Amino acid sequence: VSCEPKGKNFAVVLEGTYFHPEGGGQPADIGTLGGAKVTDVREKDGVISHITDKPLEVGAEVEGHIDWKHRFDLMQNHSGEHILSGIICGKYGCDNVGFHMGKDAILIDFNTKIPAEDLPVLERTANEAIWRNVASQVIYPSKEELEKLEYRSKKALEGKVRIMAIGEYDCCACCGTHVQKAGEIGMVKILSAQNYKGGTRLEIVCGMRALVDYDEKTENAAAISEMLSVPTGKIAKATEALLKERDELKQIISRMKWEKINNIAEKVGETPKACVFAADFDSKDMVHLADTILDKTGGTAAVFAPAGTGYAFVLMSRTEDMRPMAAEMKEAFGSKGGGKPEAVQGRTEAKEKELKGFFAEKGYVMF
């Protein structure tokens, strides 16, 4: 019917189409149309536009091919979401107030708090519908029938309404694509649940996505099992023991670092301008060291520690603005950094010999 340029692509309108446009939380179909790739399908004011990578001749008859793998993935996930949402809304008397089908998972928002202990039961009930292979049915009720029908909808509807019913599990107004039998969904899996705007947000996957998620987790579990030399069924307990050991080692390292900081500060003594090179210190350790030195001297300290191919540094003083010193380092060595007058942090690629010479000229004593 028409073909208009749209950026680098083209918006093609057909006399009729089987391509499903993006809408209601469901992504659009993709595929080919008369030899052109269809990368998106959009609907506005009742007009469906196919976004293609090539122009098509107006008036020509074209054949479309929907990407079935993509379409079936959307069908599995949309139908699985319907079953789970229908079960949840029926049990808690709540509403599904948000739905988004992303590339990897589906997000569903409910305006009620779902107890964490209920999630396994809800998930199993949804999968029982799949095992029973219940049928889906599309209904276009009359106005009178619609008024009597109990169905889920985010807003009041008028005119011709499309109802998707899946056994006794769900009855919902929906314009999306669905499977004919629940068995085609394969599986529904809840990945996570979190409090969201006073309600609950669920992240789920269905069908092939659930299998991909299971494969990925199985692969990761096997890798962790091998690293920890324990059966996969015991990796959680082994990891817990490992984390406990790590925390104990962190405490030991922290005590050792403080001892090292105090030992260095003792060596510096009351030196008013000290330049210190310390190994195995991170930025927090360097700040603690500079602070400890200044508690004794009340003067100025420049602390350096190896970082990558150069050094991280802290310039700190109780008597002067250290920003001019940082500016001189930038001019001399291309150093980077910033901070407050009393404390500047940064990095430099200068060598230890160059830095010691630089600070020695300014009256600093090396440690």
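It should be emphasised that the depicted structure is a prediction, and the values quoted were computed from it without experimental measurement. Values reported hereafter were calculated over all heavy atoms of this structure, with side chains retained and with hydrogens, waters and symmetry mates removed.
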So, T32 and H65: side-chain donor and acceptor under 3.5 Å apart, yes or no? no
Please check if the number of heavy atoms outside D280 that lie under 6.0 Å from its CG is greater than 12. no
The salt bridge (charged side-chain N to carboxylate O under 4.0 Å, His left out) partners of D95 (sequence neighbours excluded) come to none
Taking atom NE2 of H70 as the centre, does the number of heavy atoms from other residues, nucleotides or ligands within less than 6.0 Å exceed 12? yes
Say whether H50 and T17, considering side chains only, have a donor N or O and an acceptor N or O under 3.5 Å apart. yes
Report the distance from atom NE2 of H288 to atom CG of D282, rounding to the nearest 0.5 Å. 9.0 Å
Tell me if the centroids of the rings in Y364 and F358 come within less than 6.0 Å of each other. no
CD/E245 to CD/E240 distance, rounded to the nearest 0.5 angstrom? 13.0 Å
Would you find a donor on one side and an acceptor on the other, under 3.5 Å apart, between the side chain of T271 and the backbone of K273? no
Indicate whether any N or O donor in one side chain lies under 3.5 Å from an N or O acceptor in the other, for E342 and S317. no
Working to the nearest 0.5 angstrom, can you tell me the gap between I163 CD1 and C175 SG? 11.5 Å
Heavy-atom closest contact (D170 atom, G86 atom, distance): OD1-CA, 3.4 Å
Under a 3.5 Å cutoff, is there a donor and acceptor pairing between the side chains of Q345 and S283? no
Heavy-atom closest pair (V134 atom, G167 atom, distance to 0.1 Å) is CB-CA, 4.3 Å
Honestly, is K356 close enough over F277, meaning NZ or CZ under 6.0 Å from the six-membered ring centre and within 45° of the axis? yes
Would a line drawn from the ring center of F359 to the ring center of F304 be shorter than 6.0 Å? yes
Tell me whether E352 at atom CD has more than 12 heavy atoms from other residues, nucleotides or ligands lying less than 6.0 Å away. yes
After noting the C-alpha distance and the side-chain angles of R323 and D321, does the key distance pass the salt bridge (charged side-chain N to carboxylate O under 4.0 Å, His left out) rule? CA-CA 6 Å; R323 290 176 296 181; D321 187 341; 2.9 Å; yes
Any side-chain heavy-atom pair of K37 and T52 under 4.5 Å: no
Specify the closest pair of heavy atoms between P141 and L149, including all atoms of both residues, with the distance to one decimal. CG-CD2, 4.5 Å
Taking the basic N atoms (NZ, or NE/NH1/NH2) and the acidic carboxylate oxygens, is any pair closer than 4.0 Å for K103 and D73? no
Looking at Q194, I'd like to know if its CD atom is crowded, meaning that more than 12 non-hydrogen atoms belonging to other residues, nucleotides or ligands lie closer than 6.0 Å. yes
Heavy-atom closest pair, residues Q76 and C206: O-CB, 3.7 Å
Here's one to test your reading of the geometry: is the NZ or CZ of K54 within 45 degrees of the ring axis of F10 and under 6.0 Å from its centre? no
For atom CE of M366, is the number of surrounding heavy atoms from other residues, nucleotides or ligands below 6.0 Å larger than 12? yes
Do side-chain atoms of Q26 reach the backbone of G23 as a donor and acceptor pair under 3.5 angstrom? no
Go through the side-chain N and O atoms of N96 and E81 and say whether any donor and acceptor fall under 3.5 Å apart. yes
In a check of side-chain hydrogen bond (donor to acceptor under 3.5 Å, both in side chains) between Y169 and each of H82, E128, R132, which one passes? R132
So with a 6.0 Å cut-off around NZ of K217, is the heavy-atom count from everything else above 12? yes
Determine whether a donor-acceptor pair (N or O, by modelled atom type, separation under 3.5 Å) exists between the side chain of E57 and the backbone of A60. no
Rounded to the nearest 0.5 Å, how far does CD of E349 lie from CZ of R347? 7.0 Å
Could you check whether F99 and H78 have their ring centres less than 6.0 Å apart? yes
Rounded distance [0.5 Å steps], CD in Q251 versus CG in D247: 7.0 Å
E331 CD: over 12 foreign heavy atoms closer than 6.0 Å: no
Run through N111, T200, D118 and flag the one making a side-chain hydrogen bond (donor to acceptor under 3.5 Å, both in side chains) with Y92. D118
Might you confirm whether atom CD of E354 has over 12 heavy atoms from other residues, nucleotides or ligands at distances under 6.0 Å? yes
From E259 atom CD to N262 atom CG, the distance as rounded to the nearest 0.5 Å: 8.5 Å
Kindly say whether Y311 contributes a backbone atom to a donor-acceptor pair with the side chain of T348 at under 3.5 angstrom? no
